[in-house]
Structures are given as structure tokens and as C-alpha cells.
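Throughout, protein chains are lettered first and strands after them, A, B, ... in sequence-line order, and every chain is numbered starting at 1. Nothing here was measured: the structure is a model prediction, and the numbers come from that model.
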Number of protein chains: 2
Amino acid sequence: MDFEPIGVATDLVILTVRSGRLEVLLVRRGIPPYKGRLALPGGFVRPAEDLADAALRELREETGLAGERIHLEQVATYGSPRRDPRGRVVSVAYLALVPDPPSPVAGTDAASAGWHPVADVDPGRLAFDHDRILADAVERARAKLEYSPLATAFCPPEFTISELRAVYEAVWGTALDPRNFHRKVTKTPDFVFPTGETTTRDGGRPAQLFRPGTARALHPPLVR
Amino acid sequence: MDFEPIGVATDLVILTVRSGRLEVLLVRRGIPPYKGRLALPGGFVRPAEDLADAALRELREETGLAGERIHLEQVATYGSPRRDPRGRVVSVAYLALVPDPPSPVAGTDAASAGWHPVADVDPGRLAFDHDRILADAVERARAKLEYSPLATAFCPPEFTISELRAVYEAVWGTALDPRNFHRKVTKTPDFVFPTGETTTRDGGRPAQLFRPGTARALHPPLVR
DNA sequence: GTAATAGTGTCTATGAGACATTATTGA
DNA sequence: TCAATAATGTCTCATAGACACTATTAC
């Protein structure tokens with residue numbers, strides 16, 4: 001077979017919502033190139049490893065989270081010849097959404113990993129082309145909230161409509177009308193299912209608890 | 001740098017609309033594996049070549065079309081360890097939309113390349129995992145017609161509203177009301193711009209000619 | 001009681017779909 | 001004349017957004 005070997009890596013954009021803000025997991029690089037700079041977690045794909053498995057492995061190494069409660073999807077592949085000064089590396093970027101509070105960051109790179117508000121990540125501060133990758137992944141997440149039940153991936157297994165709304169407000173950066181939001185979510189078929197339980201953890205009148213529904217797309221979509 | 005070399009290729013899903021049908025360009029493989037089977041055009045990325053440039057090069061080799069009038073976008077990357085029996089190959093799939101009638105298929109692989117109605121491509125007939133790649137790309141095209149002005153990429157430089165509607169009907173496989181379609185398209189800001197010219201090539205009363213507008217997204221979206 | 005949040009009801013403007021009607025060409 | 005397609009207008013129903021109002025807890 002006639003081909004030039006190229007390094008294939010995966011980079012992860014791991015997002016969560018904490019205290020009303022959209023945050024991303026970044027690691028501080030301990031070795032050149034870009035030593036000392038913040039970067040997305042990632043690494044090379046192993047010889048017999050599927051791309052998604054490589055992303056899941058990185059996710060586990062960085063957060064200690066296993067796959068069940070995690071939404072993981074491919075975003076895009078970045079392959080400019082000069083994106084890595086060490087040589088030709090093509091990187092497949094994945095987007096992961098984890099509930100708040102995520103398991104404490106643990107694993108081999110634990111010391112250098114931490115959560116950063118997406119709004120505080122200045123352009124040009126990240127290593128490689130990770131600014132672009134982060135921007136593309138965040139835009140993907142924002143767009144998918146409209147027509148998919150993705151927002152529940154940011155929530156604990158059981159959540160209130162208010163908590164779900166807080167996810168939308170954090171990701172979109174806009175305020176939503178609580179009453180219209182409640183009506184739209186509960187009227188969208190199979191978006192969320194009531195558990196029958198209630199909670200007062202948000203204060204005020206007890207709120208119904210819901211679990212993620214079976215819908216894979218929202219009809220009609222929620223609009224920004 | 002510590003990585004296992006992996007072959008990186010691009011595969012193209014080149015779509016057009018001909019005589020009211022959505023068609024895809026396929027090549028018949030002359031060598032193993034999958035000798036004699038239909039496949040998407042594609043090839044390995046060169047050492048100093050960007051991914052999109054590799055896709056453009058393949059497009060030019062297969063269709064003789066240069067880049068200006070062509071819509072090209074990345075769809076997804078496929079990297080199952082066993083997707084190519086010859087060894088580990090990761091393929092970045094691109095979607096290309098070309099106007100009808102496209103330039104005659106020419107180039108090195110000309111003899112084996114031809115247009116096939118997407119509806120006639122039976123599952124399991126294509127080489128490698130190209131069935132899946134084709135399905136993903138077609139679904140991407142269908143979805144993007146709703147909220148982007150992408151359909152104009154299937155049209156000649158100047159087109160009528162009827163011709164644009166024929167694109168939607170071919171890609172979506174549904175009939176649309178000509179009157180409501182006309183109203184929605186012409187009312188969507190910057191979707192299409194009138195040239196001031198008319199044509200009678202579709203028969204009947206002369207129709208205004210339009211060029212693609214400057215909009216990058218449609219507000220509101222056209223719905224299927 | 002007050003404060004806070006949950007949840008329901010109502011009004012209105014907008015937009016989508018159905019479809020009538022008129023306009024302009026070729027044969 | 002008729003046939004064909006283009007383009008505009010009208011009607012109705014559904015829904016999104018604004019917001020009044022009631023419900024249920026903690027203090």
C-alpha cells in the first residue's frame with residue numbers, strides 16, 4: 001500500500017456547566033512544544049484502536065469518567081501540514097458533555113488539568129490550533145441544543161426543568177422565560193419523562209424531577 | 001514523537017441533481033480489495049498537503065472541476081481498525097456539491113467513473129464502509145438545505161426559483177408547493193438576488209433569474 | 001405573614017400551509 | 001384560442017413570545 005505515514009491523534013473538548021457557566025477542561029503542557037501553555041487533552045491513537053475508543057480512553061484518563069453517562073461525538077478533523085511543529089499530525093476532535101458536578105479530575109495528568117470558563121479563554125492563548133477546535137466544538141454544542149435533547153447530558157440523572165433551563169442559559173449565554181421554557185419542554189414529545197418525585201433543592205415550591213426521554217430530535221426545535 | 005504511523009486518506013461524496021434526481025459520482029475499483037465493486041472516489045493525503053486540498057485534488061481528477069463553483073465541506077472521519085483489509089487507514093470524508101450538468105467526468109480514472117442515482121445505490125453494494133459514508137453525507141446535505149443556502153450550489157450561476165425548488169424536491173424526495181416556496185425564498189433576506197433578466201427555458205411565462213445571495217444561514221429555515 | 005420558585009392560563013402577533021387568482025409567454 | 005408556468009393575494013390555523021396569575025414550599 002502506497003501511503004505516507006501520518007500521526008493520528010484525538011483531541012477532546014470536554015464541556016460542563018458549573019455555577020451557571022459553560023466550562024471546558026484544559027491541561028497545562030509540561031513539555032515542548034507550547035510548554036506551559038493551556039491545551040485540550042488529547043493523544044495519539046493506538047494501532048488497533050478505534051477513533052472513538054481513543055477519545056473515550058483520553059476522557060477516562062483526564063476525568064476518571066466512564067462512558068455511560070457521557071455524551072461523546074465527533075466534531076471535525078484538523079490536518080493542516082503545519083499545525084504541529086514536531087511533524088505531520090492529523091487530529092480528530094471529539095466533543096464530550098459531562099454532568100455537573102463531574103467527578104474530580106484524576107489520573108496521570110491530574111495535576112495539570114482544570115476547568116476554565118469558556119468565556120474566559122482568550123483567543124490565541126491555547127496551544128496548537130486548539131482555539132479553533134474549541135470554538136468549533138462550542139458552536140456545535142450551541143447548535144445541537146436547539147434540535148436535540150443534548151442538554152440533558154449536562155444534567156444529573158434526575159433534574160428539574162429549572163436545572164435544564166440553566167443549562168440552556170449557560171450554553172447560549174441568554175436568559176429564557178421560565179414559564180414558556182417549561183411549557184415548551186414538557187410539550188415536546190419524549191424530551192423528558194417525569195419521575196413522579198419532587199425536590200426543593202432549588203428553593204421555593206417543590207419542583208418535579210425528570211429523567212431524559214427517548215427523543216433523539218426535538219420537534220419543534222427550541223430556538224435561541 | 002511517539003506515534004504509530006497510520007494511513008490518512010480522503011473520500012469524496014460528490015453529489016449533483018440531474019433530471020430531477022439526486023445522483024452521486026462512483027468509481028468502479030480496478031484492483032483489490034473490493035475489485036469490481038463501486039466505491040467513492042478518494043486517495044491518500046500527500047505529506048505536505050492539507051486535508052481540504054487533497055479532497056480538491058481528488059475532485060479535480062475525477063470531474064475536471066476546479067474549486068470556484070464547488071461547495072466542499074468536511075463531513076466526518078472514519079477510522080475503524082478493520083475498515084481497510086490492507087492495513088490501518090483513517091479516511092476523512094468530504095461532501096462536494098456540483099451544478100447540473102457537471103463537466104463531463106474526465107481524468108485518470110475517467111473510464112470507471114459515473115453518476116448513479118442515490119436512491120438506486122443498494123446498501124452493502126459499495127466497497128469498504130462507503131455505504132455508511134454516503135448515507136452520512138446525504139443526510140448532511142438534506143439537513144443543511146433547511147438552514148443554509150446550500151441548494152444554490154447545485155444550480156448554475158443564474159437560476160430560476162423553479163430550478164431551485166427542483167433541487168429541494170430532488171434532495172428531499174418530497175413535493176413542495178410552488179407558490180409558498182416562491183414566497184418563502186424571495187422573502188428570506190439575502191438568500192437569492194434577482195439579476196433583472198428573465199428566461200423562458202422552463203416554458204410558460206418568463207421567470208426571473210437569480211444569483212446566490214450573501215446569506216450564510218436562512219432565517220427562518222425552510223422546513224422539509 | 002414574606003420571599004422564592006413552580007406551574008398554568010391568556011392574549012396577540014406572526015408565520016406556515018392551502019389554495020384562488022392574475023400575468024405572460026409559446027404553440 | 002389553449003396550455004403551461006410565474007407570481008401575487010387571501011384565508012385560516014397553529015404557535016411563539018409576553019406576561020398575569022395561582023400554587024407550594026422555607027423562613
* So do the side chains of A:T160 and A:D202 get within less than 4.5 Å of each other, counting heavy atoms only? -> yes
* To do: Rounded off to whole Å, could you give me the CG-to-P distance for the B:D177 and D:dT5 pair?
  => 15 Å
* How close or far is atom P of D:dG9 from atom CG of B:N180, stated in whole angstroms? -> 14 Å
* To do: Compare every heavy atom of A:F154 with every heavy atom of A:V171, then report the nearest pair and how far apart it is.
  => CG2-CE1, 4.1 Å
* May I ask you to check whether over 12 heavy atoms, not counting those of B:R201, lie within 6.0 Å of atom CZ? => yes
* To do: Would you mind telling me which residue lines up with the more 5' stretch of DNA chain C, A:F210 or A:R183, judged by nearest nucleotide?
  => A:F210
* What does A:S162 touch in the nucleic acid at a heavy-atom separation under 4.0 angstrom: a base, only the sugar-phosphate, or nothing? -> sugar-phosphate
* Using a 4.0 Å heavy-atom cut-off across all strands, classify A:P178 as base, sugar-phosphate, or nothing. => nothing
* Structure fact -> Testing D:dT24, D:dT25, D:dA20 for proximity to the side chain of A:R205, the answer is D:dT24
* Asked: Base, sugar-phosphate, or nothing: which does B:D202 touch, judged by heavy atoms less than 4.0 Å apart?
  -> sugar-phosphate
* Structure fact -> Its 5'-most and 3'-most nucleotides having an atom under 4.0 Å from a non-hydrogen atom of chain A, DNA chain C is contacted over C:dA4 to C:dT8
* Taking side chain as C-beta onward, heavy atoms only, is A:L40 less than 4.5 Å from A:E62? -> no
* Asked: Hey, what's the ring geometry for A:F128 with A:H130, parallel, tilted or perpendicular (30° and 60° as the breaks)?
  -> tilted
* Below 4.0 Å: OP1/OP2 of D:dT8 and any side-chain N or O of B:H182 -> yes
* Is the distance from OP1 or OP2 of D:dG17 to the nearest side-chain N or O of A:K184 less than 4.0 Å? -> yes
* Asked: Atom CZ of A:F181 to atom C1' of D:dC19: distance rounded to whole Å?
  -> 18 Å
* Crowded around B:R165 CZ? As in, over 12 foreign heavy atoms under 6.0 Å? -> yes
* Asked: Between D:dA16 atom C1' and A:R179 atom CZ, what is the distance in whole Å?
  -> 14 Å
* Partner of B:V92 by side-chain contact (heavy atoms from CB on, under 4.5 Å), out of B:V45, B:T77, B:V75, B:D11 -> B:T77
